[in-house]
Amino acid sequence: MRRVITYGTFDLLHYGHINLLQRAKALGDYLVVGLSTDEFNWNEKQKKCYFSFEKRKRLLEAVRYVDLVIPEQEWEQKRSDVHEYHIDTFVMGDDWQGKFDYLSEEGCDVVYLPRTPEISTTQIKKDLKS
Ligand code: C2G
């Protein structure tokens with residue numbers, strides 16, 4: 001049973017997120033998603049989410065590729081999460097290329113996948129404004 005983990009905000013869930021989740025799940029049998037809490041988003045990423053954590057969690061739990069959603073409350077938790085959830089592979093979109101290589105020290109593979117071009121929550125918000 002290969003276990004995979006990824007992290008993100010996943011606000012205004014869109015096909016770029018789904019593409020990432022699908023490819024992450026394809027790397028194993030069980031996918032854990034560390035979902036950024038509203039506080040983490042605001043304090044650490046200066047992101048104000050449209051949907052609250054609970055609503056974003058509900059959406060992710062409805063995605064067929066996702067097996068478990070856990071809160072992401074701080075950057076450092078990844079080191080302990082990979083042990084707590086017995087993770088074999090850590091996955092992120094390649095906008096994070098290189099940023100989490102240190103996790104290989106914890107014994108898991110680190111994989112960066114190409115982002116889906118042309119779609120982002122920021123772009124959606126811009127398009128809706130104009
Ligand atoms: N993503 C993608 N293609 C897009 C948009 C997003 O592949 N067009 C991927 C991102 O690369 C990321 C995941 O979808 O792997 C979630 O994206 P965000 O919700 O924007 O997550 P982010 O704000 O990058 O937070 O500790 C890690 C952070 O929580 C990541």
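Heavy atoms only: backbone and side chains are in, while hydrogens, waters and symmetry mates are out.
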Can you see whether Tyr30 has Arg3 sitting over its ring - NZ or CZ less than 6.0 Å from the centre and within 45° of the normal?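 Verdict for Tyr30: a cation-pi partner in Arg3.
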With a cut-off of under 6.0 Å to the ring centre and 45° to the axis, is Lys125 in cation-pi contact with Tyr50?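 Judged by the rule, Lys125 and Tyr50 form no cation-pi pair.
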If the condition is ring pair (Phe, Tyr, Trp, His ring centres under 6.0 Å), which residues does His83 pass it with, not counting sequence neighbours?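 Result, ring pair (Phe, Tyr, Trp, His ring centres under 6.0 Å) vs His83: none returned.
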Test: salt bridge (charged side-chain N to carboxylate O under 4.0 Å, His left out). Region: residues 22-34. Which pairs qualify, not counting sequence neighbours?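 Every pair satisfying salt bridge (charged side-chain N to carboxylate O under 4.0 Å, His left out) with a residue in residues 22-34: Lys25-Asp67.
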Residue pairs, two or more places apart or on separate chains, that pass salt bridge (charged side-chain N to carboxylate O under 4.0 Å, His left out) and touch residues 107-122: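 Salt bridge (charged side-chain N to carboxylate O under 4.0 Å, His left out) check on residues 107-122 returns Arg2-Asp109, Asp95-Arg115.
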From [atom1] ([X]) to [atom2] ([Y]), nearest 0.5 Å:
X	Y	atom1	atom2	value
Ser36	Asn43	OG	CG	11.5 Å
Tyr85	Leu68	OH	CG	6.0 Å
Glu44	Gln46	CD	CD	7.5 Å
Leu113	Asn19	CG	CG	10.5 Å
Lys78	Lys99	NZ	NZ	12.0 Å
Asn41	Gln73	CG	CD	12.0 Å

Have Asp81 and Gln77 got a donor and an acceptor in their side chains that come within less than 3.5 Å?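 Yes, a side-chain donor-acceptor pair sits under 3.5 Å.
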Determine whether the side chains of Asp11 and Thr121 contain a donor N or O and an acceptor N or O closer than 3.5 Å.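 There is no such pair (donor and acceptor under 3.5 Å, judged by atom type) between the side chains of Asp11 and Thr121.
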Apply salt bridge (Lys or Arg N to Asp or Glu O under 4.0 Å) to Glu106 and list each qualifying residue two or more places apart in sequence or on a separate chain.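 Testing Glu106 for salt bridge (Lys or Arg N to Asp or Glu O under 4.0 Å), a comparison that skips the adjacent residues, returns Arg79.
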Walk me through whether Phe51 and Phe10 qualify under side chain to side chain contact (heavy atoms under 4.5 Å, CB included). CA-CA 9 Å; Phe51 288 126; Phe10 296 101; over 6 Å; no
Side chain to side chain, Leu13 and Leu60, heavy atoms closer than 4.5 Å: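 Yes, their side chains come closer than 4.5 Å.
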The test is side chain to side chain contact (heavy atoms under 4.5 Å, CB included); show your working for Leu103 and Ile87 and say whether it passes. CA-CA 11 Å; Leu103 286 171; Ile87 300 299; over 6 Å; no
Restricting to non-hydrogen atoms, name the atom on [X] and the atom on [Y] that form the minimum distance, rounded to 0.1 Å.
X	Y	result
Lys45	Thr9	NZ-OG1, 2.8 Å
Gly8	Glu72	N-OE1, 4.2 Å
Cys108	Phe90	SG-CB, 4.0 Å

Cluster check [X], [Y]: I/L/V/M/F/W/Y, side chain < 4.5 angstrom:
X	Y	result
Met1	Val111	no
Leu27	Met92	no
Val69	Val32	no
Ile124	Leu20	yes
Val63	Val91	yes

Which residue pairs pass the ring-ring contact (aromatic ring centres under 6.0 Å, His included) test when at least one of the two sits in residues 109-130, sequence neighbours left out?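 Non-adjacent pairs meeting ring-ring contact (aromatic ring centres under 6.0 Å, His included): zero.
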Could you name each residue pair satisfying ring-ring contact (aromatic ring centres under 6.0 Å, His included) that touches residues 61-81, not counting sequence neighbours?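 Passing the test, one end in residues 61-81: Phe40-Trp75, Trp75-Trp96.
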Could you walk me through whether Thr6 and Leu31 satisfy the side chain to side chain contact (heavy atoms under 4.5 Å, CB included) test, starting with their C-alpha distance in whole Å, then the side-chain angles of each, then the deciding distance to 0.1 Å, before giving a yes or no? CA-CA 8 Å; Thr6 190; Leu31 176 61; 4.3 Å; yes
Any Lys/Arg nitrogen of Arg58 or Glu54 sitting under 4.0 Å from an Asp/Glu carboxylate oxygen of the other?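 Salt bridge absent between Arg58 and Glu54.
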Distance-only, no hydrogens or angles: does the Asp38 side chain make a donor-acceptor pair with backbone N or O of Phe53 under 3.5 Å?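 Side chain of Asp38 to backbone of Phe53, a donor-acceptor pair under 3.5 Å: yes, one is there.
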Donor-acceptor pair, distance only, cut-off 3.5 Å: does the side chain of Thr89 make one with the backbone of Val4?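 Pair absent, no side-chain N/O of Thr89 close to backbone of Val4.
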